[in-house]
Amino acid sequence: MLTRNILITGATGGIGRALAISLADQGARLWLTGRDSGKLERLLGDLQGSHHTVQADLTLASDRQRLHRAIIDEGAQLDVLINAAGVNDFKLLCHGNDDELAALITCNLTMPMQLCRLLLPVLNPESAQIVNLGSTFGSIGYPGYSAYCASKFGLRGFSQALSRELSDSNTVVQYIAPRATMTAMNPNSVAQMNKELGNRMDSPEDAARQIVAAIKAQSISVTLGWPERAFVLLNSVASPLINLVIGRQLPTIKHFAKEVQSS
């Protein structure tokens, strides 16, 4: 991990920022992207070492191309690409609209796919890793998160397929799924709901620590947290039992979803 060139998308977000700090402390050379140039500069000031920042909205083809060009112009090869950028939108499907659905799918699924395709030629051919950050909800369909689940289910499938597609190369593709994390992606209403349901939430720093460990281990597919790992396994072999558990939670979920809609 030390002295490797690592690109982190969504670097100014909760998990992205924590990953940047952790990896910089371990000697990595970072390429950091985010939409807010001010946040990028403040992050850069908090990091040890010399790093690159590229302000970009990676849902735009022009900004993806600009990032690609910056890497080429620097003569850099990426050892690790971490797709950490993402959005969440806790609401019942009937409360959403077409534009919100399209924006979520673009950011969480289409953009990481497009970025992986674009940056494959600048990955280190001797040893590279593509790390797609998913979610527990990429394996468990959950009320109030139908669109988010769809995007993360898709990202998990993409990661699995790309891993097999590149299995004859030196590039490892990883899908790492954090559980609920205390970031701006999860507003206070979601934190209150999780507390009422007894669902644990990790700090960004704790999530980053587990993600870095999984990257170092080159684990192909990892679900972070317990009992989340058990729920993922149960959902794959005993879905009716999970239906029963979540069904009991549904009134609480709908209560908080209606609060969000009315606020």
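The figures here come from the full heavy-atom set of this structure, side chains too, leaving out hydrogens, waters and symmetry mates.
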* Asked: Atom NZ in Lys152, atom OG in Ser159: separation rounded to 0.5 Å?
  -> 9.5 Å
* Verify same cluster id: Val122, Met113 (apolar side-chain graph, 4.5 Å) -> yes
* **No-hydrogen, no-angle side-chain donor-acceptor test under 3.5 Å, Gln174 and Gln129** => yes
* To do: Give the ring-plane orientation class for Trp31 versus His52, where under 30° counts as parallel, over 60° as perpendicular and anything between as tilted.
  => parallel
* Apply side-chain hydrogen bond (donor to acceptor under 3.5 Å, both in side chains) to Thr223 and list each qualifying residue two or more places apart in sequence or on a separate chain. => none
* Asked: Any sub-3.5 Å donor-acceptor pair from Asn83's side-chain atoms to Thr9's backbone N or O?
  -> no
* Structure fact -> Using a 4.5 Å side-chain heavy-atom cut-off and chaining through intermediate ILVMFWY residues, the residues clustered with Val172 come out as Ile220
* Asked: Under a single-linkage definition using a 4.5 Å side-chain heavy-atom cutoff for Ile, Leu, Val, Met, Phe, Trp and Tyr, are Tyr175 and Leu120 assigned to the same hydrophobic cluster?
  -> yes
* Using the rule that two of Ile, Leu, Val, Met, Phe, Trp, Tyr join whenever any of their side-chain heavy atoms come within less than 4.5 Å, decide whether Val190 and Leu197 are in one cluster. => yes
* **Spatial distance of atom OH (Tyr142) from atom CZ (Phe90) [nearest 0.5 Å]** => 8.5 Å
* Could I get the full list of side-chain contact (heavy atoms from CB on, under 4.5 Å) partners for Arg69, not counting sequence neighbours? => Ile72, Asp73
* **SB check Glu228 Arg200 (cutoff 4.0 Å)** => no
Taking only distance into account, with no hydrogens and no angle test, what donor-acceptor pairs under 3.5 Å do side-chain atoms of residues 160-168 form with protein atoms, sequence neighbours excluded?
from: Gln160; atom 1: OE1; to: Arg164; atom 2: NH1; distance (Å): 3.3
from: Ser167; atom 1: OG; to: Arg164; atom 2: O; distance (Å): 2.9

* Asked: With no hydrogens and no angle check, is any side-chain donor or acceptor of Asp63 less than 3.5 Å from a backbone partner on Asp57?
  -> yes
* **Exercise: do Asn170 and Ser127 side chains pair donor with acceptor under 3.5 Å** => no
* State the OG1-CG distance between Thr59 and Leu115, to the nearest 0.5 angstrom. => 11.5 Å
* Check the side chains of Arg35 and Gln55 for a donor-acceptor pair under 3.5 angstrom, ignoring hydrogens and angles. => no
* Asked: Got a donor-acceptor contact below 3.5 angstrom from the Ser22 side chain to the Ala18 backbone?
  -> no
* Asked: Checking Asn186 side chain against Thr181 main chain: does a donor-acceptor pair fall under 3.5 Å?
  -> yes
* Can you name the side-chain contact (heavy atoms from CB on, under 4.5 Å) partners of Pro125, sequence neighbours left out? -> Gln77
* Please test Arg179 against Thr136 for side chain to side chain contact (heavy atoms under 4.5 Å, CB included), starting from the C-alpha separation and ending with a verdict. => CA-CA 5 Å; Arg179 62 181 175 185; Thr136 301; 3.7 Å; yes
* Taking the side chain as C-beta and beyond, is there a heavy-atom pair between Ser139 and Asn235 under 4.5 Å? -> no
* Transitive ILVMFWY cluster of Leu93 at side-chain heavy atoms under 4.5 Å: who else is in it? -> Leu101
* Asked: Counting distance only, does the side-chain N/O of Asn108 pair as donor-acceptor with the main-chain N or O of Ser151 below 3.5 Å?
  -> no
* If you measure from CG on Leu23 to CG on Asp25, what distance do you get to the nearest 0.5 Å? -> 9.0 Å
* Asked: CD of Glu196 to CD of Gln192: how many Å apart, nearest 0.5 Å?
  -> 9.0 Å
